[in-house]
Q: 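Sharing a structure below in C-alpha coordinates format, with a few things to ask.
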Amino acid sequence: MQDLIQRTIYREDHEQFREQARRFFDKEIVPFHAQWERDGIVPKEVWRKAGREGLLNTMLPEPYGGGGDFGHAAILIEEVARTGASGLGFPLHSDIVAPYIHAYGSTEQKDRWLPRMAAGELIGAIAMTEPGAGSDLKSVLTTARREGDHYILNGSKTFITNGINSEIVIVVAKTNPELGAKGVSLIVVEEGTPGFSKGRKLEKIGLMAQDTSELFFDNVKVPVGNLLGEENMGFKYLMKELAQERLVVAVRAARCIESFLQKTIDYTRERKAFGQTVFEFQNTRFKLAEAKAQATMLRTFVDECMKLHMQRKLTPERAAMVKLNATALQNKLLDEFLQLHGGYGYMTEYQVGRAWTDARIGRIYGGSDEIMKEIIARTL
(Lines give C-alpha, C1' and ligand atoms only; values in the text may rest on other atoms or scores of the structure.)
Protein backbone atom coordinates (compact mmCIF):
# COMPACT_ATOMS: atom_id res chain seq x y z
CA MET A 1 0.00 0.00 0.00
CA GLN A 2 1.44 3.35 -1.08
CA ASP A 3 1.36 6.21 1.42
CA LEU A 4 -0.90 9.14 0.57
CA ILE A 5 1.91 11.61 1.24
CA GLN A 6 5.69 11.37 1.51
CA ARG A 7 6.03 10.71 5.20
CA THR A 8 9.00 12.17 7.06
CA ILE A 9 8.06 11.03 10.56
CA TYR A 10 9.89 7.69 10.31
CA ARG A 11 13.63 7.02 10.27
CA GLU A 12 15.42 4.08 8.63
CA ASP A 13 15.39 2.09 11.89
CA HIS A 14 11.63 2.60 12.07
CA GLU A 15 11.14 1.17 8.59
CA GLN A 16 13.39 -1.79 9.41
CA PHE A 17 11.19 -2.43 12.42
CA ARG A 18 8.12 -2.26 10.16
CA GLU A 19 9.56 -5.06 8.02
CA GLN A 20 10.12 -7.16 11.12
CA ALA A 21 6.61 -6.49 12.44
CA ARG A 22 5.04 -7.12 9.05
CA ARG A 23 6.71 -10.54 8.75
CA PHE A 24 5.40 -11.46 12.20
CA PHE A 25 1.86 -10.29 11.47
CA ASP A 26 1.66 -12.02 8.10
CA LYS A 27 2.94 -15.29 9.57
CA GLU A 28 1.56 -15.39 13.11
CA ILE A 29 -1.56 -13.18 13.06
CA VAL A 30 -3.30 -12.94 9.69
CA PRO A 31 -3.85 -16.70 9.09
CA PHE A 32 -5.42 -17.21 12.52
CA HIS A 33 -7.33 -14.02 13.33
CA ALA A 34 -10.66 -15.24 11.94
CA GLN A 35 -10.52 -18.22 14.31
CA TRP A 36 -9.69 -15.94 17.22
CA GLU A 37 -12.77 -13.90 16.35
CA ARG A 38 -14.85 -17.06 16.59
CA ASP A 39 -13.15 -17.95 19.88
CA GLY A 40 -13.51 -14.41 21.26
CA ILE A 41 -9.91 -14.25 22.49
CA VAL A 42 -6.30 -14.21 21.30
CA PRO A 43 -4.24 -17.08 22.78
CA LYS A 44 -1.65 -16.08 25.35
CA GLU A 45 1.03 -17.88 23.37
CA VAL A 46 0.69 -15.22 20.66
CA TRP A 47 1.70 -12.64 23.27
CA ARG A 48 4.70 -14.76 24.24
CA LYS A 49 5.75 -15.01 20.58
CA ALA A 50 5.40 -11.25 20.13
CA GLY A 51 7.55 -10.73 23.21
CA ARG A 52 10.26 -13.02 21.84
CA GLU A 53 10.22 -11.00 18.61
CA GLY A 54 10.70 -7.73 20.48
CA LEU A 55 7.28 -6.36 19.51
CA LEU A 56 6.10 -5.40 23.01
CA ASN A 57 7.02 -2.31 25.08
CA THR A 58 8.84 -1.06 22.00
CA MET A 59 9.13 2.55 23.18
CA LEU A 60 10.54 1.80 26.63
CA PRO A 61 14.29 1.63 27.29
CA GLU A 62 16.06 -1.70 27.81
CA PRO A 63 15.63 -3.89 29.83
CA TYR A 64 12.03 -2.70 30.13
CA GLY A 65 11.38 -2.76 26.39
CA GLY A 66 12.88 -2.45 22.96
CA GLY A 67 14.70 0.83 23.49
CA GLY A 68 12.77 2.62 20.74
CA ASP A 69 10.44 5.60 20.70
CA PHE A 70 6.82 6.35 19.82
CA GLY A 71 7.65 5.89 16.15
CA HIS A 72 8.26 2.17 16.76
CA ALA A 73 5.03 1.94 18.74
CA ALA A 74 3.12 3.70 15.94
CA ILE A 75 4.43 1.26 13.34
CA LEU A 76 3.08 -1.67 15.33
CA ILE A 77 -0.28 0.12 15.67
CA GLU A 78 -0.32 0.68 11.91
CA GLU A 79 0.33 -3.01 11.29
CA VAL A 80 -2.62 -3.88 13.54
CA ALA A 81 -4.77 -1.56 11.41
CA ARG A 82 -3.32 -2.72 8.08
CA THR A 83 -4.14 -6.35 8.77
CA GLY A 84 -7.48 -5.70 10.50
CA ALA A 85 -6.17 -7.59 13.53
CA SER A 86 -8.54 -5.85 15.90
CA GLY A 87 -8.29 -8.57 18.54
CA LEU A 88 -4.73 -7.73 19.47
CA GLY A 89 -4.42 -5.76 22.69
CA PHE A 90 -0.73 -5.06 22.12
CA PRO A 91 -1.08 -1.24 21.89
CA LEU A 92 -2.96 -0.99 25.18
CA HIS A 93 -0.43 -3.25 26.90
CA SER A 94 2.68 -1.60 25.45
CA ASP A 95 1.69 2.02 24.90
CA ILE A 96 -0.73 2.68 27.76
CA VAL A 97 -0.26 0.23 30.65
CA ALA A 98 3.53 -0.20 30.56
CA PRO A 99 4.23 3.56 30.25
CA TYR A 100 2.28 4.23 33.46
CA ILE A 101 4.52 1.79 35.31
CA HIS A 102 7.63 3.23 33.70
CA ALA A 103 6.66 6.85 34.39
CA TYR A 104 5.39 6.50 37.95
CA GLY A 105 6.71 3.18 39.26
CA SER A 106 9.66 2.76 41.58
CA THR A 107 12.82 1.06 40.37
CA GLU A 108 11.73 -2.09 42.21
CA GLN A 109 8.31 -2.02 40.51
CA LYS A 110 9.78 -1.45 37.07
CA ASP A 111 12.31 -4.24 37.53
CA ARG A 112 9.61 -6.61 38.80
CA TRP A 113 7.01 -6.08 36.08
CA LEU A 114 8.30 -4.41 32.91
CA PRO A 115 10.82 -7.01 31.65
CA ARG A 116 8.13 -9.69 31.94
CA MET A 117 5.64 -7.43 30.15
CA ALA A 118 8.20 -6.89 27.37
CA ALA A 119 8.56 -10.67 27.08
CA GLY A 120 4.80 -11.18 26.87
CA GLU A 121 4.87 -13.13 30.13
CA LEU A 122 2.64 -10.58 31.88
CA ILE A 123 -0.32 -9.25 29.92
CA GLY A 124 -1.35 -5.79 31.07
CA ALA A 125 -4.70 -4.04 31.47
CA ILE A 126 -5.89 -0.80 33.03
CA ALA A 127 -9.16 -0.71 34.96
CA MET A 128 -10.73 2.74 34.81
CA THR A 129 -14.34 2.41 33.69
CA GLU A 130 -17.08 1.38 36.12
CA PRO A 131 -20.69 0.36 35.46
CA GLY A 132 -22.00 3.70 36.71
CA ALA A 133 -19.13 6.04 35.88
CA GLY A 134 -18.31 5.73 32.17
CA SER A 135 -15.82 8.40 31.11
CA ASP A 136 -16.23 10.33 34.37
CA LEU A 137 -13.14 9.26 36.30
CA LYS A 138 -14.03 11.62 39.14
CA SER A 139 -17.04 9.43 39.95
CA VAL A 140 -15.27 6.10 40.43
CA LEU A 141 -16.62 4.14 43.38
CA THR A 142 -13.84 1.55 43.73
CA THR A 143 -12.02 2.22 47.01
CA ALA A 144 -8.62 1.32 48.42
CA ARG A 145 -8.54 1.65 52.20
CA ARG A 146 -5.12 1.52 53.81
CA GLU A 147 -4.61 -0.90 56.69
CA GLY A 148 -1.01 -1.02 57.87
CA ASP A 149 1.24 -2.01 54.98
CA HIS A 150 -1.65 -3.05 52.70
CA TYR A 151 -4.60 -1.54 50.84
CA ILE A 152 -8.00 -3.24 50.99
CA LEU A 153 -9.50 -2.88 47.53
CA ASN A 154 -13.25 -3.07 46.88
CA GLY A 155 -15.27 -2.35 43.76
CA SER A 156 -15.88 -3.43 40.18
CA LYS A 157 -14.80 -2.38 36.70
CA THR A 158 -16.27 -3.01 33.25
CA PHE A 159 -15.32 -2.84 29.55
CA ILE A 160 -11.73 -3.82 30.42
CA THR A 161 -9.63 -4.59 27.34
CA ASN A 162 -7.34 -7.61 27.84
CA GLY A 163 -9.52 -8.36 30.86
CA ILE A 164 -9.64 -12.15 30.52
CA ASN A 165 -5.98 -12.50 29.55
CA SER A 166 -4.76 -9.89 32.03
CA GLU A 167 -2.04 -10.92 34.46
CA ILE A 168 -1.33 -7.44 35.80
CA VAL A 169 -3.92 -4.66 36.13
CA ILE A 170 -3.56 -0.99 37.02
CA VAL A 171 -6.68 -0.19 39.04
CA VAL A 172 -8.05 3.34 39.40
CA ALA A 173 -9.37 3.59 42.94
CA LYS A 174 -10.28 6.19 45.55
CA THR A 175 -7.82 6.21 48.45
CA ASN A 176 -9.52 9.30 49.86
CA PRO A 177 -13.13 9.41 48.62
CA GLU A 178 -13.87 12.70 50.40
CA LEU A 179 -11.45 14.50 48.06
CA GLY A 180 -13.21 13.41 44.86
CA ALA A 181 -10.81 13.51 41.90
CA LYS A 182 -7.99 14.58 44.20
CA GLY A 183 -8.40 11.32 46.13
CA VAL A 184 -7.72 8.95 43.21
CA SER A 185 -4.72 6.59 43.20
CA LEU A 186 -3.30 3.96 40.84
CA ILE A 187 -2.75 0.53 42.38
CA VAL A 188 -1.34 -2.53 40.62
CA VAL A 189 -3.13 -5.84 41.20
CA GLU A 190 -1.63 -9.11 40.02
CA GLU A 191 -3.53 -12.15 38.82
CA GLY A 192 -4.09 -14.70 41.56
CA THR A 193 -4.42 -12.16 44.36
CA PRO A 194 -7.22 -13.42 46.67
CA GLY A 195 -10.48 -11.54 46.13
CA PHE A 196 -9.57 -10.45 42.59
CA SER A 197 -11.79 -12.15 40.03
CA LYS A 198 -12.74 -11.80 36.39
CA GLY A 199 -16.31 -11.78 35.21
CA ARG A 200 -17.76 -13.01 31.96
CA LYS A 201 -16.33 -12.10 28.60
CA LEU A 202 -18.53 -9.28 27.41
CA GLU A 203 -20.39 -9.76 24.14
CA LYS A 204 -19.68 -6.81 21.83
CA ILE A 205 -20.86 -5.79 18.36
CA GLY A 206 -17.26 -5.49 17.15
CA LEU A 207 -13.67 -6.29 18.14
CA MET A 208 -14.78 -9.89 18.34
CA ALA A 209 -11.34 -11.39 19.03
CA GLN A 210 -10.51 -8.87 21.76
CA ASP A 211 -11.19 -10.16 25.26
CA THR A 212 -13.18 -7.54 27.13
CA SER A 213 -14.51 -8.32 30.59
CA GLU A 214 -15.66 -7.18 33.98
CA LEU A 215 -13.24 -7.23 36.92
CA PHE A 216 -14.23 -7.58 40.58
CA PHE A 217 -12.35 -6.67 43.75
CA ASP A 218 -13.71 -8.12 46.98
CA ASN A 219 -11.55 -7.15 49.96
CA VAL A 220 -8.44 -7.60 47.84
CA LYS A 221 -5.36 -7.21 50.04
CA VAL A 222 -2.70 -5.39 48.01
CA PRO A 223 0.74 -4.41 49.38
CA VAL A 224 1.35 -0.69 49.72
CA GLY A 225 4.37 -1.37 47.52
CA ASN A 226 1.97 -1.84 44.59
CA LEU A 227 0.93 1.84 44.67
CA LEU A 228 2.11 3.64 41.53
CA GLY A 229 3.62 7.01 42.36
CA GLU A 230 2.12 8.97 45.22
CA GLU A 231 -1.18 8.41 46.96
CA ASN A 232 -4.05 10.62 45.73
CA MET A 233 -2.11 11.69 42.62
CA GLY A 234 -3.77 9.22 40.24
CA PHE A 235 -6.07 11.68 38.50
CA LYS A 236 -3.12 13.93 37.66
CA TYR A 237 -1.18 10.96 36.29
CA LEU A 238 -4.16 9.87 34.18
CA MET A 239 -4.64 13.30 32.66
CA LYS A 240 -0.96 13.51 31.75
CA GLU A 241 -0.84 10.11 30.03
CA LEU A 242 -4.22 10.18 28.25
CA ALA A 243 -2.84 12.31 25.39
CA GLN A 244 -0.77 9.34 24.22
CA GLU A 245 -3.75 6.99 24.50
CA ARG A 246 -5.79 9.30 22.26
CA LEU A 247 -2.98 9.57 19.74
CA VAL A 248 -2.78 5.76 19.64
CA VAL A 249 -6.47 5.66 18.66
CA ALA A 250 -5.92 8.29 15.95
CA VAL A 251 -2.86 6.53 14.48
CA ARG A 252 -4.87 3.32 14.19
CA ALA A 253 -7.87 5.08 12.64
CA ALA A 254 -5.79 6.84 9.99
CA ARG A 255 -4.05 3.65 8.84
CA CYS A 256 -7.35 1.76 8.85
CA ILE A 257 -8.83 4.35 6.49
CA GLU A 258 -5.85 4.13 4.15
CA SER A 259 -5.85 0.35 4.14
CA PHE A 260 -9.52 0.07 3.29
CA LEU A 261 -9.36 2.90 0.76
CA GLN A 262 -6.86 0.80 -1.20
CA LYS A 263 -8.90 -2.39 -0.70
CA THR A 264 -11.99 -0.58 -2.00
CA ILE A 265 -10.16 0.83 -5.03
CA ASP A 266 -8.92 -2.67 -5.86
CA TYR A 267 -12.37 -4.18 -5.40
CA THR A 268 -14.20 -1.62 -7.54
CA ARG A 269 -11.65 -2.02 -10.33
CA GLU A 270 -12.40 -5.76 -10.48
CA ARG A 271 -16.13 -5.92 -9.74
CA LYS A 272 -18.40 -5.52 -12.76
CA ALA A 273 -21.96 -4.24 -12.88
CA PHE A 274 -24.10 -3.28 -15.88
CA GLY A 275 -21.33 -4.12 -18.33
CA GLN A 276 -18.52 -2.14 -16.73
CA THR A 277 -16.42 -2.11 -13.60
CA VAL A 278 -17.86 -0.42 -10.55
CA PHE A 279 -14.84 1.93 -10.64
CA GLU A 280 -15.90 3.26 -14.07
CA PHE A 281 -19.07 4.81 -12.65
CA GLN A 282 -18.51 8.49 -11.95
CA ASN A 283 -20.18 8.19 -8.54
CA THR A 284 -17.62 5.59 -7.48
CA ARG A 285 -14.63 7.62 -8.64
CA PHE A 286 -15.98 10.76 -6.99
CA LYS A 287 -16.60 8.94 -3.70
CA LEU A 288 -13.09 7.51 -3.74
CA ALA A 289 -11.56 10.84 -4.76
CA GLU A 290 -13.29 12.55 -1.84
CA ALA A 291 -12.13 9.79 0.50
CA LYS A 292 -8.54 10.15 -0.68
CA ALA A 293 -8.63 13.91 -0.19
CA GLN A 294 -10.01 13.57 3.33
CA ALA A 295 -7.66 10.72 4.25
CA THR A 296 -4.67 12.77 3.03
CA MET A 297 -5.75 15.71 5.17
CA LEU A 298 -6.05 13.42 8.19
CA ARG A 299 -2.69 11.76 7.51
CA THR A 300 -0.99 15.18 7.53
CA PHE A 301 -2.57 16.06 10.88
CA VAL A 302 -1.86 12.68 12.50
CA ASP A 303 1.80 12.72 11.45
CA GLU A 304 2.17 16.26 12.76
CA CYS A 305 0.72 15.16 16.12
CA MET A 306 3.10 12.19 16.16
CA LYS A 307 6.00 14.56 15.52
CA LEU A 308 4.87 16.81 18.39
CA HIS A 309 4.47 13.83 20.70
CA MET A 310 7.94 12.51 19.93
CA GLN A 311 9.18 15.96 20.98
CA ARG A 312 6.96 15.80 24.10
CA LYS A 313 4.98 18.80 22.84
CA LEU A 314 1.56 17.22 22.16
CA THR A 315 -1.03 19.06 24.26
CA PRO A 316 -4.19 17.47 25.68
CA GLU A 317 -6.41 19.60 23.44
CA ARG A 318 -4.43 18.71 20.29
CA ALA A 319 -4.65 15.03 21.23
CA ALA A 320 -8.40 15.44 21.69
CA MET A 321 -8.67 17.10 18.27
CA VAL A 322 -6.79 14.37 16.44
CA LYS A 323 -8.78 11.59 18.10
CA LEU A 324 -12.10 13.34 17.46
CA ASN A 325 -11.33 13.98 13.79
CA ALA A 326 -9.69 10.62 13.09
CA THR A 327 -12.45 8.45 14.52
CA ALA A 328 -15.26 10.51 12.98
CA LEU A 329 -13.65 10.24 9.55
CA GLN A 330 -12.92 6.55 10.04
CA ASN A 331 -16.59 5.84 10.74
CA LYS A 332 -17.77 7.99 7.82
CA LEU A 333 -15.39 6.60 5.21
CA LEU A 334 -15.68 2.96 6.20
CA ASP A 335 -19.42 3.33 5.72
CA GLU A 336 -18.76 4.68 2.21
CA PHE A 337 -16.31 1.85 1.47
CA LEU A 338 -18.81 -0.76 2.63
CA GLN A 339 -21.47 0.77 0.35
CA LEU A 340 -19.14 0.55 -2.64
CA HIS A 341 -18.69 -3.16 -1.95
CA GLY A 342 -22.45 -3.64 -2.29
CA GLY A 343 -23.80 -6.87 -0.79
CA TYR A 344 -20.29 -8.24 -0.46
CA GLY A 345 -19.51 -5.46 1.96
CA TYR A 346 -21.83 -7.16 4.40
CA MET A 347 -19.93 -10.42 4.09
CA THR A 348 -16.97 -11.13 6.39
CA GLU A 349 -14.66 -12.34 3.61
CA TYR A 350 -14.01 -8.78 2.43
CA GLN A 351 -13.27 -7.50 5.94
CA VAL A 352 -14.71 -4.04 5.33
CA GLY A 353 -17.96 -4.90 7.15
CA ARG A 354 -16.09 -6.09 10.22
CA ALA A 355 -13.81 -3.03 10.10
CA TRP A 356 -16.88 -0.79 9.90
CA THR A 357 -18.32 -2.42 13.01
CA ASP A 358 -14.98 -2.44 14.85
CA ALA A 359 -14.45 1.26 14.18
CA ARG A 360 -17.53 2.40 16.06
CA ILE A 361 -15.86 2.01 19.46
CA GLY A 362 -13.23 4.59 18.48
CA ARG A 363 -15.67 7.40 19.19
CA ILE A 364 -16.27 6.03 22.70
CA TYR A 365 -13.14 4.48 24.23
CA GLY A 366 -10.15 6.56 25.26
CA GLY A 367 -12.65 9.31 26.06
CA SER A 368 -15.93 9.74 24.18
CA ASP A 369 -16.52 12.34 21.45
CA GLU A 370 -18.33 14.44 24.01
CA ILE A 371 -15.35 14.43 26.38
CA MET A 372 -13.03 15.37 23.49
CA LYS A 373 -15.27 18.31 22.58
CA GLU A 374 -15.34 19.46 26.19
CA ILE A 375 -11.51 19.41 26.35
CA ILE A 376 -11.29 21.41 23.13
CA ALA A 377 -14.04 23.82 24.21
CA ARG A 378 -12.07 24.79 27.29
CA THR A 379 -9.43 26.33 25.01
CA LEU A 380 -11.86 28.55 23.10
Side-chain angles (χ1 to χ4, degrees), residues 1-10 14-15 18 70-71 73-86 91 95 206 242-266 268 284-311 313-340 351-352 354-373 375-377 379:
M1 187 182 77
Q2 187 174 0
D3 287 326
L4 297 173
I5 62 172
Q6 184 175 356
R7 303 180 71 184
T8 59
I9 191 70
Y10 293 127
H14 289 135
E15 294 300 343
R18 187 190 300 279
F70 186 77
I75 281 173
L76 199 72
I77 296 163
E78 290 183 353
E79 288 305 299
V80 169
R82 177 187 70 87
T83 57
S86 60
D95 310 324
L242 279 173
Q244 177 162 298
E245 179 177 354
R246 287 156 185 167
L247 180 57
V248 165
V249 176
V251 168
R252 185 167 175 171
R255 180 54 87 187
C256 176
I257 290 169
E258 292 163 350
S259 178
F260 281 94
L261 170 60
Q262 188 60 56
K263 290 177 189 291
T264 305
I265 292 170
D266 294 342
T268 57
T284 301
R285 297 197 310 278
F286 278 12
K287 288 286 187 183
L288 291 171
E290 183 180 34
K292 183 175 181 179
Q294 292 175 336
T296 302
M297 179 177 61
L298 177 64
R299 167 53 59 207
T300 302
F301 185 35
V302 170
D303 278 10
E304 176 62 19
C305 288
M306 286 173 56
K307 180 180 178 181
L308 288 171
H309 187 55
M310 291 167 74
Q311 298 171 348
K313 295 180 180 178
L314 182 66
T315 61
E317 59 268 25
R318 185 61 61 93
M321 289 177 191
V322 74
K323 179 185 182 295
L324 181 70
N325 283 322
T327 55
L329 193 59
Q330 181 187 23
N331 277 260
K332 173 182 178 292
L333 293 183
L334 284 176
D335 191 73
E336 297 279 9
F337 299 157
L338 190 155
Q339 190 71 20
L340 289 172
Q351 294 187 310
V352 67
R354 179 55 55 80
W356 173 71
T357 309
D358 290 343
R360 188 58 183 84
I361 191 60
R363 295 176 54 203
I364 299 172
Y365 68 6
S368 66
D369 280 2
E370 292 72 23
I371 298 296
M372 299 303 97
K373 291 174 184 176
I375 293 170
I376 298 165
T379 68

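Remember, predicted model here, so these are calculated numbers, not experimental data.
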Q: Charged N to carboxylate O under 4.0 angstrom, R82 versus E79?
A: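 A salt bridge is present here (some side-chain N lies under 4.0 Å from a carboxylate O).
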Q: Check I257 against A295 and note the closest heavy-atom contact, atom names and distance.
A: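 Of all heavy-atom pairs spanning I257 and A295, the closest is CG2-CB, 3.7 Å.
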Q: Go through the steps to decide whether T327 and D369 satisfy the test side chain to side chain contact (heavy atoms under 4.5 Å, CB included), and finish with yes or no.
A: CA-CA 9 Å; T327 55; D369 280 2; 4.1 Å; yes
Q: What's the shortest heavy-atom distance between L333 and Q294, and which atoms?
A: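 Closest approach of L333 to Q294, heavy atoms only: CD2-OE1, 3.4 Å.
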Q: Got a sec, which residues hit side chain to side chain contact (heavy atoms under 4.5 Å, CB included) with L288, two or more places apart in sequence or on another chain?
A: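 For L288 the side chain to side chain contact (heavy atoms under 4.5 Å, CB included) partners, ignoring immediate neighbours, are L261, T264, I265, T268, F279, T284, F337, L340.
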Q: Once you round to the nearest 0.5 Å, how far does CD1 of I371 lie from CD1 of I364?
A: 12.5 Å
Q: Taking side chain to side chain contact (heavy atoms under 4.5 Å, CB included) as the definition, give me every residue that meets it alongside E78, ordered by chain and number, with sequence neighbours left out.
A: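 Expected list: R7, Y10, R18, V251, R255, R299.
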Q: Kindly say whether I376 contributes a backbone atom to a donor-acceptor pair with the side chain of T379 at under 3.5 angstrom?
A: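 Present.
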Q: Between R252 and S86, does a side chain to side chain contact (heavy atoms under 4.5 Å, CB included) hold up when you go through it step by step?
A: CA-CA 10 Å; R252 185 167 175 171; S86 60; 3.7 Å; yes
Q: Can you spot which of K263, E258, Q262 makes a side-chain contact (heavy atoms from CB on, under 4.5 Å) with F260?
A: K263
Q: Evaluate the side chain to side chain contact (heavy atoms under 4.5 Å, CB included) criterion for residues V322 and R246: first the C-alpha distance (whole Å), next the side-chain angles of each, then the deciding distance (0.1 Å), finally the verdict.
A: CA-CA 8 Å; V322 74; R246 287 156 185 167; 5.8 Å; no
Q: Between atom CG of L4 and atom CG of D303, what is the distance when rounded to the nearest 0.5 Å?
A: 10.0 Å
Q: For A81 and C256, work out which heavy atoms get closest and say how close.
A: CB-N, 3.7 Å
Q: Quick one: are I77 and V80 in side-chain contact, heavy atoms under 4.5 Å?
A: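 I77 vs V80: side chains apart.
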Q: Tell me the closest heavy-atom pair linking V248 and F70, and the distance in Å.
A: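 Heavy-atom minimum between the residues: CG2-CE1, 4.2 Å.
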Q: Between T300 and T296, is there a donor-acceptor pair closer than 3.5 Å when you use the side chain of the first and the backbone of the second?
A: yes
Q: As an exercise, state the distance from NE2 of H309 to CG of L247, rounded to the nearest 0.5 Å.
A: 6.0 Å
Q: To the nearest 0.5 Å, what is the distance between CE (M321) and CG (L324)?
A: 9.5 Å
Q: K323 side chain to G362 main-chain N or O, any donor-acceptor pair under 3.5 Å?
A: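 A pair under 3.5 Å: yes.
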Q: To the nearest 0.5 Å, what is the distance between CD1 (I9) and CE (M310)?
A: 5.0 Å
Q: At their closest point, which heavy atom of E15 faces which heavy atom of I75, and how far apart are they?
A: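 Closest approach of E15 to I75: N-CD1, 4.3 Å.
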Q: Could you check whether any side-chain heavy atom of E245 comes within less than 4.5 Å of a side-chain heavy atom of L242, counting everything from C-beta outward?
A: yes
Q: For A253 and A326, work out which heavy atoms get closest and say how close.
A: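 Minimum heavy-atom contact is CB-O, 3.8 Å.
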Q: Can you find a side-chain donor-acceptor pair between Q339 and D335 that sits under 3.5 Å?
A: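 The criterion, which ignores hydrogens and geometry beyond distance, is not satisfied for D335 and Q339.
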